[in-house]
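Take a look at the structure set out below.
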Amino acid sequence: MDYSKEFIKGLPKAELHLHLEGTLEPDLKLKLSKKNHINIGQKNIKEVKASYKFNDLTSFLKVYYPAMNVLQKESDFYALAHAYLLKAKKHNVKYCELFFDPQAHTSRGVSFKTVINGYYKAVKEAKKLGIEARLIMCFLRDMPYKSAKETYKQMLPYKDKIIAIGLDSDERNNPPEKFKDIFKQAKKDGLHITMHCDIDQIDSIKHIRTCLKDIKVERIDHGTNIVEDESLVKFAIKNKIGFTCCPVSNSFVTKDMKGKEMKYLLKKGALVTVNSDDPAYFQSYISDDMFTLASKYKLCKKEVIQLAKNSFLASFMSDKKKKAYLKLVDEYVKKH
Ligand code: ADE
Ligand code: ZN
């Protein structure tokens with residue numbers, strides 16, 4: 001390998017697939033549980049980590065959602081996002097678009113306002129850390145459409161605080177078309193749109209086709225099953241569709257990290273990016289993900305640099321801004 005882990009860590013990069021709720025590290029979880037008097041059934045870091053028992057998306061989500069009970073106050077949401085941004089800085093993340101799941105909080109009595117104000121405060125402050133941050137509001141696809149509609153309505157007074165709408169949670173029996181109308185509305189309202197097409201789901205390729213051809217998303221979160229249909233791969237490349245891949249996360253919820261598929265798509269010229277998804281649970285932040293993928297699948301330096309460039313190219317920022325960030329990457333490469 002003609003590059004080191006330090007080289008990857010120092011590369012200016014964007015993170016586009018990061019669930020803020022997935023950055024809840026055991027120490028913060030314990031701290032907030034004490035502060036808010038929430039019994040989480042675990043008393044120390046070892047016990048919290050021992051509860052991380054999952055081997056697919058459904059079993060992961062069963063651990064993931066109950067942990068969120070410790071998030072109660074605006075300051076808790078702020079603390080969570082701020083802690084992630086401090087970590088992101090260490091990995092030289094310069095720009096990030098952060099997912100959050102309001103329904104996971106409003107469904108247990110925390111107001112939308114509490115959630116968005118806490119997260120947005122950290123997002124605004126990110127500038128002080130040298131990071132530009134944006135928020136993507138996700139709908140939980142395993143909740144009824146009616147709940148997504150109500151959430152969209154709650155969001156409208158805060159529309160200027162988010163950049164896009166996303167779709168996450170359990171894909172089983174929850175196809176993208178269930179949310180077609182609300183995504184159409186979001187587009188009309190000037191928001192960007194992206195959807196999860198998780199790895200190896202029932203009907204993965206059908207869902208990817210619906211997302212691309214019917215709903216016309218700008219990005220797909222995960223989405224490597226697209227390799228099953230060469231005509232869709234061509235379509236995605238032609239239309240500059242971003243793929244926010246998460247190799248380490250994949251290796252927790254499926255049998256492999258899907259590195260072969262990522263490398264194939266990258267070689268073809270697809271906008272493949274590498275991200276950490278839920279780093280507190282998979283114990284891997286963005287540079288760790290990039291290094292794990294690059295070393296296991298023997299990516300050359302040029303491919304690693306392309307991944308960093310793609311992270312900006314697949315973002316929802318303006319072309320002018322993208323150019324400025326690409327220049328940062330080039331300058332870094334020249335020096336290293
Ligand atoms: N929520 C958090 N992580 C997720 C993932 N990988 N897929 C779907 N929903 C999620
Ligand atoms: Zn995700």
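As the structure lists them, so they are numbered: ligands from 1, and atoms in each ligand from 1.
Using a 4.0 Å cut-off between charged nitrogen and carboxylate oxygen, Lys31 and Glu25 do not count as a salt-bridge pair. The residues Lys159 and Asp189 are annotated as not salt-bridged, no charged nitrogen and carboxylate oxygen being separated by less than 4.0 angstrom. By the 4.0 Å N-to-carboxylate-O rule, Lys258 lies close enough to Asp200 to be salt-bridged with it. We find that Glu303 and Lys267 are joined by a salt bridge, their nearest charged nitrogen and carboxylate oxygen being less than 4.0 Å apart. The residues Lys263 and Glu261 are annotated as not salt-bridged, no charged nitrogen and carboxylate oxygen being separated by less than 4.0 angstrom.
Without hydrogens or angle criteria, Glu15 side chain to Asn275 main chain gives no donor-acceptor distance under 3.5 Å.
Atom 3 (N) of ligand 1 has Asp278 OD2, 2.7 Å as its closest protein atom, hydrogens excluded (heavy atom only). The protein heavy atom nearest to atom 4 (C) of ligand 1 is His19 NE2, 3.6 Å. Among protein heavy atoms, atom 9 (N) of ligand 1 sits closest to Ser169 N, 2.8 Å. At the top of the distance list for atom 7 (N) of ligand 1, counting protein heavy atoms only, stands Asp198 OD2, 3.0 Å.
Partner Tyr158 forms a ring pair (Phe, Tyr, Trp, His ring centres under 6.0 Å) with one of Phe112, Tyr120, Tyr152 and no other, that one being Phe112.
Residue contact annotation: His19 places an N/O/S atom under 2.8 Å from the Zn ion (ligand 2).
Nearest approach of Phe243 to His222, heavy atoms of both residues: CD2-O, 3.7 Å.
Annotation: cation-pi geometry not satisfied between Arg134 and Tyr95 (NZ/CZ under 6.0 angstrom from ring centroid, within 45° of ring axis).
By the criterion of a heavy-atom distance under 4.0 Å, neither the backbone nor the side chain of Asp170 is placed next to ligand 1. Contacts with ligand 1 closer than 4.0 Å are made by side-chain heavy atoms of His222 only, the backbone lying farther away. Only side-chain heavy atoms of Asp277 come within less than 4.0 Å of ligand 1; its backbone N, CA, C and O stay farther off. In Val253, neither the side chain nor the backbone holds a heavy atom less than 4.0 Å from any atom of ligand 1.
Annotation for ligand 1: atoms under 4.0 Å from non-hydrogen atoms of Leu57 are 5 (C), 7 (N), 8 (C). Of all the atoms in ligand 1, the ones that sit under 4.0 Å from a non-hydrogen atom of Tyr64 are 1 (N), 2 (C).
No heavy atom of Phe99 sits closer than 4.0 Å to any atom of ligand 1.
Minimum-distance N/O/S atom of Asp277 relative to the Zn ion (ligand 2): OD1. Per residue His17, closest N, O or S atom to the Zn ion (ligand 2): atom name NE2.
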